[in-house]
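Take a look at the structure set out below.
Read the numbers this way: they start at 1 and go in the same order the structure lists the ligands and their atoms. This is a predicted model, so every value here is computed, not measured.
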Amino acid sequence: MYNRIKILIVEDEESISNFIATTLKAHDYTVITARSGKEALSMIPSHCPELVLLDLGLPDIDGTQVLQKIREWSSIPIIVVSARTQEDDKVSALDLGADDYIAKPFGTSELLARIRTALRHSAKSAPGQNLDIFELPGLKINFDKRQILVNDKDVHLTQIEFKLVSLLAKSAGRVLTYDYIITELWGPYAVKDNQILRVNMANIRRKLEQNPAQPRYIFTEVGVGYRMAEE
Ligand code: CA
């Protein structure tokens, strides 16, 4: 019973909240629940959960505002759970600092996988957890040496291509939005032109993927951004 990870579910719909709670408890998580944004904001400092599952459509405050408020003082992993299908909501949630999003309806295994990823990343961002090498089957990235091996063969990437691959690999399993990537690569004043990214990604896929049309390493989240497969 010790060392169980505590998760806060912020969800006004009782049936969904119960479903998620049952699932998480069955996988040994401790669960606390909030039915409104205000309740969530008061529970986080007092209960110190290790992760928040946040519904965007709440009865009192909009979920994105709750997210913004939490991010003013906490870097706790937040996964947005949203019934909204508009890409804009996902993008703004991620840009406001959500670690990930999951769209309703979702499967249990998908939810659990996203939770594990977010928790792993929050552990990794702790000091002394710097990773130098990233590996997937057939792909090896050495960040220090700026080297990429595909099936043990050196692959030459341009500087921007390498930066893009590294950025995604360092956040493997998480979706990075187009705007976030552009800012990271070209700075905050860069024109938010996704076309340049697409061209770079096409080149990267041609170099890394066996079949660029069916990538195994870097996935496109349509209208949102890119996600690197997890180690
Ligand atoms: Ca709701």
- Query: Hey, are the side chains of Ile141 and Met228 touching, using non-hydrogen atoms and a 4.5 Å cut-off?
  - Reply: yes

- Item | Check: Leu53 and Ile115 side chains under 4.5 Å, non-hydrogen atoms | yes

- How about Glu110: does its CD atom have over 12 heavy atoms from other parts shown lying under 6.0 Å from it? yes

- Side-chain heavy atoms of Glu221 within contact of Lys90, under 4.5 Å: no

- Name, closest N/O/S atom of Asp55 to the Ca ion (ligand 1): OD2

- Message: Under 3.0 Å from the Ca ion (ligand 1), is there any N, O or S atom belonging to Glu13?
- Response: no

- Message: To check your reading of the site, what angle at the Ca ion (ligand 1) do O of Gly57 and OD1 of Asp12 form, to 10°?
- Response: 80°

